[in-house]
Trainee: 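Below is the structure I would like to discuss, written out as structure tokens.
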Amino acid sequence: MSQPVYHYLTLGRLGRGEVLNLFLKDAAIDKKDVFYPYDHTWPETSEKLKQDGLTRTGLLPALEYKGSIYTQHIPTLRYLARELNSYDGETNQEKYLVDAVADIYIDWRAHWVASLKGATAEYKDVVVPKYYNLVAQYYADTEGPYLLGDRITYVDFAIYQSIDNDRRTGTLPASIADSLKKLEEAIEARPNIKEYIQAAKQ
């Protein structure tokens, strides 16, 4: 099998591509990284990537994996979870729960992307508190640290990244629920993630 190729923007640890990157790191899927500058050249690059068939939407990340190209990070994560027979619920009820929280994350992300041009009071005072209060309720339903308790799923990487993104853009609430703090600590303590974070700080 050829080595997977991960295409993303030069955004560091920000954005949806980082969700997929963390998942791949945790799953120990070795990949080749191809990064594209996110500057004045991006619109032209985006069009070229569409013409080349790497992404129909002109957006990244894109993952070349086992002879196919996967885009849209949440569906890609779901595919990989099924492919690996891991990182998902075991029952239909659990799968529903994971997918439901993923949908909440997707709604938050649309607002977060819009806020990158300048976070509005509505985003900071209404959208963000509502989002973290809602996902915290789901995480508080078990002892944690993950949504399904002690079994990590693909959505845990997305929720973790949302916290990290808001922290990096200065839009994270002054305090978040203990259930989400436990998630952060657990993700960052996972061996492959811990190694990656430490290397990124150097």
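Please read these numbers as outputs of a predicted model, since none were measured by experiment.
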Trainee: Look up atom CG in Leu49 and atom CD in Glu44, then write down how far apart they are to the nearest 0.5 Å.
Mentor: 11.0 Å
Trainee: So, applying ring pair (Phe, Tyr, Trp, His ring centres under 6.0 Å) with Phe23, which one of Tyr87, Tyr154, Tyr160 is it?
Mentor: Tyr87
Trainee: To the nearest 0.5 Å, what is the distance between CG on Asp88 and CZ on Arg82?
Mentor: 7.0 Å
Trainee: Any chance CD of Glu122 has more than 12 other-residue heavy atoms, nucleotides or ligands included, within less than 6.0 Å?
Mentor: no
Trainee: Flag yes if Val34 and Tyr8 sit in one hydrophobic cluster, no otherwise; membership is Ile, Leu, Val, Met, Phe, Trp, Tyr, and two members link when side-chain heavy atoms are under 4.5 Å apart.
Mentor: yes
Trainee: Rounded to the nearest 0.5 Å, how far does CD1 of Ile159 lie from OG1 of Thr153?
Mentor: 9.0 Å
Trainee: Give a yes or no on whether the backbone of Tyr146 and the side-chain of Asp156 come within a donor-acceptor separation of less than 3.5 Å.
Mentor: no
Trainee: Hey, is the main chain of Lys124 close enough, under 3.5 Å, to the side chain of Thr171 for a donor-acceptor pair?
Mentor: no
Trainee: Does CG in Asn85 sit with more than 12 non-hydrogen atoms of other residues, nucleotides or ligands closer than 6.0 Å?
Mentor: no
Trainee: I'd like to check the ring-ring contact (aromatic ring centres under 6.0 Å, His included) partners of Tyr131; sequence neighbours left out, ordered by chain and number.
Mentor: Trp108
Trainee: Thinking salt bridges, do Asp178 and Lys182 make one under a 4.0 Å N-O criterion?
Mentor: no
Trainee: Please work out which of the three classes, parallel, tilted or perpendicular, describes the rings of Tyr79 and Tyr70, given edges at 30° and 60°.
Mentor: parallel
Trainee: From Ser179 OG over to Glu184 CD, what is the distance, rounded to the nearest 0.5 angstrom?
Mentor: 11.0 Å
Trainee: Got a sec: does the OH of Tyr36 have more than 12 other heavy atoms crowding it under 6.0 Å?
Mentor: yes
Trainee: Could you tell me whether Lys66 and Glu83 make a salt bridge, using a distance below 4.0 angstrom between a side-chain N and a carboxylate O?
Mentor: yes
Trainee: Find out if a path of hydrophobic residues (ILVMFWY) with successive side-chain heavy-atom gaps under 4.5 Å connects Val135 to Ile106.
Mentor: yes
Trainee: Once salt bridge (charged side-chain N to carboxylate O under 4.0 Å, His left out) is applied, what residue pairs with a partner in residues 96-105 remain, sequence neighbours excluded?
Mentor: Arg78-Asp99, Arg78-Asp103
Trainee: Is the closest basic N to carboxylate O distance between Glu94 and Arg151 below 4.0 Å?
Mentor: yes
Trainee: Mind checking the CZ-CD1 spacing from Phe157 to Ile187? Nearest 0.5 Å is all I need.
Mentor: 5.0 Å
Trainee: Check whether more than 12 heavy atoms from other residues, nucleotides or ligands sit under 6.0 Å from atom CZ of Phe35, and answer yes or no.
Mentor: yes
Trainee: Taking Asn165 as the fixed residue, which of Arg168, Gln161, Arg167 is the one that meets the side chain to side chain donor-acceptor pair (under 3.5 Å) rule?
Mentor: Gln161
Trainee: Can you tell if the side chain of Tyr105 reaches within under 4.5 Å of the side chain of Trp112, non-hydrogen atoms only?
Mentor: no
Trainee: Between Lys31 and Asp33, does any NZ, NE, NH1 or NH2 come within less than 4.0 Å of an OD or OE carboxylate oxygen?
Mentor: yes
